[in-house]
Amino acid sequence: MNTLPKLIFELSREGKIGVGLNEADVPEEPAVDPELLRRELADFPQLSEVEIVRHYMALAKLNYSVDAGFYPLGSCTMKYNPKINEKLAAAEELQAHPYAPHDLVQGNLEILARLEEWLRELTGLAGFTLAPAAGAHGEFTGMLMVRKYLQEKGDPRRLVLIPDSAHGTNPASAHFAGYDVKEIASSAQGTIGLAELRPHLTPEVAALMMTNPNTLGIFESDIMAVADALHANGSLLYMDGANLNALLGVVRPGDLGVDVMHINLHKTFSTPHGGGGPGSGPVGVAAHLLPYLPVPRVRRQGDGFDVVFDDPRSIGRVKNFYGQFLVIVRALAYLMTLGRENVGRVAEDAVLNANYVRKRLEGLLDLPYKGPSLHEVVFSDSGLPVKTLDIAKRLLDYGIHPFTIYFPLIVHGAMMIEPTESESKETLDDFIAVMGTILREAREDPELLRQAPTRTPVRRLDETLAARKPVLRWRKGESL
Ligand SMILES: *Cc1c(COP(=O)(O)O)cnc(C)c1O
């Protein structure tokens, strides 16, 4: 069992020293105003070097990561990211000042241009901006382009339709872009077809934002008919493509009638992104939206590359400089490692793995939406003697990061499992076996699950209190 490491403050003893510094051989020059200097020494812990090393090692071991174990967080694509990409992103040759003259950073500009070309080819869309710093930022950027397009057409509209199976960021982005949002209910199969769309399709509708595959992990099979109906109504189709790893190299959204979409480089194209960053959410558009793409834009010019900063019809800048350059480097490295012939295997393996987990757990858990799964599968806790939360907490005791829970909202006690393409059959078999054990425990001793986790350094938290009143500082004499 893991325990919390002893805090360095508790190990501190007067006079212990961890480092030896030489006497200064230069005159002392206070860098700050003497008025501002501390008059008394702070009560810093006094420790030996080995104690400090062990302290930080112990803290590091409390972290859970994709490098430490299986992490089937649905909708997040927490997959293994090849270390070669990290190495390339750290390459000294690529680090450049953002104001460097363009003739000195042609290689960096080429990286931007080449990723854009890859994305155009993979999505069938006419152009991309690599500027947005996350998926939600991409949604916002895309909706600003929709807005400007409709305004220039002299047909500004007020409403954006969003299915109840969409990702939660969609309504927020549409709202921030100035639209009213209307939720539309999915069919019993968990998708949006003409029957669901038609009653809402008024002249006020600027766009429909459709997550595809949706958050049930189901492909929106009526998307082409939906696109046609929207276009006939003068409305646009926004596709949330954060789940592109389910389609990569197999389906091109541009061929389905999508006008604008964002993709998440940090999910689909390998950047470690736990803990809130870094991300990158490029937005692709069909030809009619090209004039509105944000600046700056890199373009091929003869044998080299230059950058367009001014473009009167562009929506303008959405981010300083050129976007999250090192996430872009990782994405290009990932695509070049796979090569054109292997890109499609990302989707094939992601879908295969999700369906393997689905088949093996189908008999044990309720599956409310039975349409074919793509990259993730969503079970419900209906009929179980415990709640989804209890199962998630018990997974921690077995050293597995829980899947996404209670999302999407249309599934009771949702357990949203995304194994990703980078896990082996052996890892999935281990996970399935642990799930089997936990579900047996749930029947035999449900209280055990309600008390879980029992083997982790910290037991079950009051998550509301932890979020509202976080204790982020240790104070002498106070216990954690
Ligand atoms: C993750 C995700 C987003 C949001 O992306 P961020 O980079 O977290 O802003 C949007 N839609 C879907 C379907 C996602 O999975």
Side-chain angles (χ1 to χ4, degrees), residues 66 71-79 81 123 129-144 160 162-177 181 183 186 190-192 207-220 223 237-248 253 258 260-284 318-319 323-324 326-328 330-331 346-347 350 354 373-378 403-411 414 416-421:
V66 170
Y71 207 133
L73 207 53
S75 197
C76 292
T77 315
M78 301 300 286
K79 70 179 176 191
N81 299 296
T123 59
T129 171
L130 304 181
H137 192 195
E139 293 165 24
F140 176 64
T141 303
M143 292 315 291
L144 289 182
V160 169
I162 302 189
D164 56 8
S165 65
H167 193 266
T169 47
N170 294 185
S173 302
H175 176 76
F176 271 110
V181 171
E183 183 177 283
S186 310
T191 55
I192 296 292
L208 167 77
M209 288 181 93
M210 182 181 249
T211 303
N212 193 22
N214 64 32
T215 58
L216 294 165
I218 297 176
F219 185 75
E220 291 285 354
I223 187 169
L237 175 58
Y238 185 105
M239 186 177 124
D240 178 331
N243 298 330
L244 193 67
N245 63 337
L247 310 178
L248 201 62
V258 168
V260 48
M261 74 180 288
H262 80 271
I263 59 185
N264 279 17
L265 295 187
H266 47 293
K267 291 180 185 171
T268 308
F269 299 105
S270 83
T271 283
H273 58 273
S280 175
V283 181
V318 297
K319 166 120 180 50
Q324 304 272 51
L326 297 176
V327 179
I328 290 164
R330 290 176 177 94
V346 168
S373 293
L374 290 196
H375 64 302
E376 64 196 3
V377 56
V378 186
F403 31 69
T404 297
I405 60 174
Y406 299 112
F407 183 78
L409 302 176
I410 49 177
V411 171
M416 185 198 221
I417 305 173
E418 180 182 7
T420 81
E421 67 275 18

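If you read the sequence from its start, that first residue is 1, and numbering goes on from there. Atoms within a ligand are numbered from 1 in the order they appear, just like the ligands themselves.
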Side chain, backbone, both or neither: the part of [X] lying under 4.0 Å from ligand 1 by heavy atom:
X: Asn243; value: side chain
X: Ala136; value: both
X: Glu139; value: side chain
X: Thr77; value: neither
X: Lys267; value: side chain

Indicate the atoms forming the closest heavy-atom contact of Pro163 with Met209, along with that distance. CD-O, 3.0 Å

Test side-chain contact (heavy atoms from CB on, under 4.5 Å) applied to Asn170 and Thr211, step by step: CA-CA 9 Å; Asn170 294 185; Thr211 303; 3.3 Å; yes

Out of all atoms in ligand 1, which are within 4.0 Å of some heavy atom of [X]? Include the element for each.
X: Thr211; result: 13 (C)
X: Ala134; result: 7 (O), 9 (O)
X: Ala242; result: 2 (C), 11 (N), 12 (C), 13 (C), 14 (C), 15 (O)

Full working for side chain to side chain donor-acceptor pair (under 3.5 Å) between Glu418 and Thr77: CA-CA 7 Å; Glu418 180 182 7; Thr77 315; 2.9 Å; yes

Report yes if His262 has an N/O atom closer than 3.5 Å to an N/O atom of ligand 1; otherwise report no. no

Judged on heavy-atom distance to atom 13 (C) of ligand 1, which of Asn212, Thr169, Asp240, Leu73 sits nearest?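 Considering heavy atoms of Asn212, Thr169, Asp240, Leu73, the nearest to atom 13 (C) of ligand 1 sits in Asp240.
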
For atom 8 (O) of ligand 1, is there a protein heavy atom at a distance under 4.0 Å? no

Under the side-chain contact (heavy atoms from CB on, under 4.5 Å) criterion, do Leu409 and Asp164 qualify, and how do the steps go? CA-CA 8 Å; Leu409 302 176; Asp164 56 8; over 6 Å; no

Residue, atom name and distance, where the atom is the protein heavy atom closest to [atom]:
atom: atom 5 (O) of ligand 1; answer: Asn264 ND2, 3.0 Å
atom: atom 3 (C) of ligand 1; answer: His167 CE1, 3.4 Å
atom: atom 6 (P) of ligand 1; answer: Gly135 N, 3.4 Å

Under 3.5 Å, side chain of His137 to main-chain N/O of Val318, donor-acceptor pair present?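 Yes; judged by distance alone, with no hydrogens or angles, the pair exists.
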
Glu139 side-chain N/O to Ala174 backbone N/O, donor-acceptor pair under 3.5 Å: no

With a cutoff of 4.0 Å, is Ser75 in contact with ligand 1, counting heavy atoms of the residue only?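 It does, in that a heavy atom of Ser75 comes within the 4.0 Å cut-off of ligand 1.
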
With side-chain contact (heavy atoms from CB on, under 4.5 Å) as the test, would you mind laying out the steps for Leu237 and Ile223 before giving the verdict? CA-CA 9 Å; Leu237 175 58; Ile223 187 169; 3.8 Å; yes

To the nearest 0.5 angstrom, please state how far the NZ atom of Lys79 sits from the OG1 atom of Thr271.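 One finds 9.5 Å between NZ of Lys79 and OG1 of Thr271.
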
Hey, could you give me the CD1/CG distance between Ile417 and Leu73, rounded to the nearest 0.5 Å? 11.0 Å

Once the angle between the rings of His262 and Tyr238 is folded into 0 to 90°, is it parallel (under 30°), tilted (30 to 60°) or perpendicular (over 60°)?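 Ring orientation, 0 to 90° scale: tilted.
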
